[in-house]
Amino acid sequence: MVDLTQAAHVVAPQLLGALLSSRVGGQTVTARITEVEAYAAVGIDPGSHAFRGQTPRTSVMFGPAGHAYVYFTYGMHWCCNVVTGEVGEAGAVLIRAGEITEGLALAHSRRVAARGDRELAQGPARLTQALGIDGELNGTALLQEGGVLTLRMPEQAATKVGVSARTGVGGAGALTPWRFFLPDEPTVSRYRPAKARGSRLAKGYVQNLDSELW
DNA sequence: CCGGTGATGGACT
DNA sequence: GTCCATCACCGGA
């Protein structure tokens, strides 16, 4: 069984294959998680929202594991994290992409721009949109039956896991390879290293590392 | 398939 | 004022 009170980068690869379901308006949409990113405890990860300490926005991250930290970004997008670690640590795993396995019609109605099933949840903001997740669900418990959001762990842990640097994180935070994904899954978002635009800095990052490296 | 760019608002320095 | 844990759309190849 997955222990969510462990560090985020330990929990993150174990969430690959997990099923995240939302029941909004009485209808269920389920995504099988194919890509995640880990954000470490307060003070040790410059890429984490919690790095500089607790603020009103990040208060959920400092609470107990197994709750959803949902935040708003770029003026229009929501992203969903699973809080990990002990209370006060503020670890989190960002759910970056998934395959919609239930509620395809409803997911398409929420994501009109998606050209096919694979694009429904291919990316963190696309996934929240397909599942109808927004800021109202910030702080929701994920491990209780009958909740609006439910996270069901995979029956078997993934044996083959892709590893890379995190997508939108630059600076010192880019040094830790804490993006994990299921190889050969079409729903994994295309890899775009931080600061790739016009910069040669991120060019050399490895896209797929052996799982032995972590 | 690929890279470039505008949209858009809130958190934080 | 600056920086985003991003997406959709456009044009070029």
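A, B, ... follow the sequence lines: proteins, then strands. Residue 1 opens every chain.
Around CD of A:Q144, the count of heavy atoms belonging to other residues, nucleotides or ligands within 6.0 Å does not exceed 12.
Protein atom CD1 of A:I33 is 16 Å distant from nucleotide atom C1' of C:dA5, rounded to whole Å. In this structure, the CZ atom of A:F181 is 17 Å from the C1' atom of C:dA5, given to the nearest Å.
Every side chain to side chain contact (heavy atoms under 4.5 Å, CB included) that A:P186 has, sequence neighbours left out, goes to A:R118. For A:E136, the side chain to side chain contact (heavy atoms under 4.5 Å, CB included) partners at least two apart in sequence or on another chain are A:D134. Not a single side chain to side chain donor-acceptor pair (under 3.5 Å) links A:Q129 to another residue, sequence neighbours left out. Residues passing the side chain to side chain donor-acceptor pair (under 3.5 Å) test with A:T73, sequence neighbours excluded: none. In this structure, the side chain to side chain donor-acceptor pair (under 3.5 Å) partners of A:E145, at least two apart in sequence or on a different chain, are A:R152. For A:A125, the side chain to side chain contact (heavy atoms under 4.5 Å, CB included) partners at least two apart in sequence or on another chain are A:H77. When the salt bridge (charged side-chain N to carboxylate O under 4.0 Å, His left out) test is applied to A:E185, the partners found at least two apart in sequence or on another chain are A:R32. Applying the side chain to side chain donor-acceptor pair (under 3.5 Å) test to A:T128 and every residue at least two apart in sequence or in another chain returns nothing.
For the pair A:S48 (side chain) and A:D45 (backbone), a donor-acceptor distance under 3.5 Å is absent. Judged by distance alone, with hydrogens and angles left aside, the side-chain atoms of A:S22 form no donor-acceptor pair with the main-chain N or O of A:V24 at under 3.5 Å. In terms of modelled atom types and a separation under 3.5 Å, the side chain of A:R166 and the main chain of A:A38 share a donor-acceptor contact.
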Review point. Given Watson-Crick or G-U pairs with both distances under 3.5 Å, what dot-bracket string fits DNA chain C, with | for other-strand pairs and [ ] for crossing?
Key: ||||.|||||||.
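The aromatic rings of A:F72 and A:W78 sit tilted, their planes meeting at an angle between 30° and 60°.
Side-chain nitrogen and oxygen atoms of A:R96 include at least one within less than 4.0 Å of the OP1 or OP2 phosphate oxygen of C:dT6. OP1 or OP2 of C:dA8 lies within a sub-4.0 Å distance of a side-chain N or O belonging to A:R111.
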Pairwise N/O distances under 3.5 Å, protein to nucleotides 8-12 of chain B:
{"residue": "B:dT8", "atom": "O2", "partner": "A:Y74", "partner atom": "O", "Å": "2.5"}
{"residue": "B:dG9", "atom": "N2", "partner": "A:Y74", "partner atom": "N", "Å": "3.4"}
{"residue": "B:dG9", "atom": "N3", "partner": "A:G75", "partner atom": "N", "Å": "3.4"}
{"residue": "B:dC12", "atom": "OP1", "partner": "A:T55", "partner atom": "OG1", "Å": "2.2"}

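Across all strands, A:G47 comes closer than 4.0 Å to base atoms (heavy-atom distances).
Contacts of residues 35-43 of chain A with DNA chain C (heavy atom under 4.0 Å): A:Y39. Residues of residues 118-139 of chain A that place a heavy atom closer than 4.0 Å to DNA chain C, in numerical order, are A:G123, A:P124, A:A125, A:R126.
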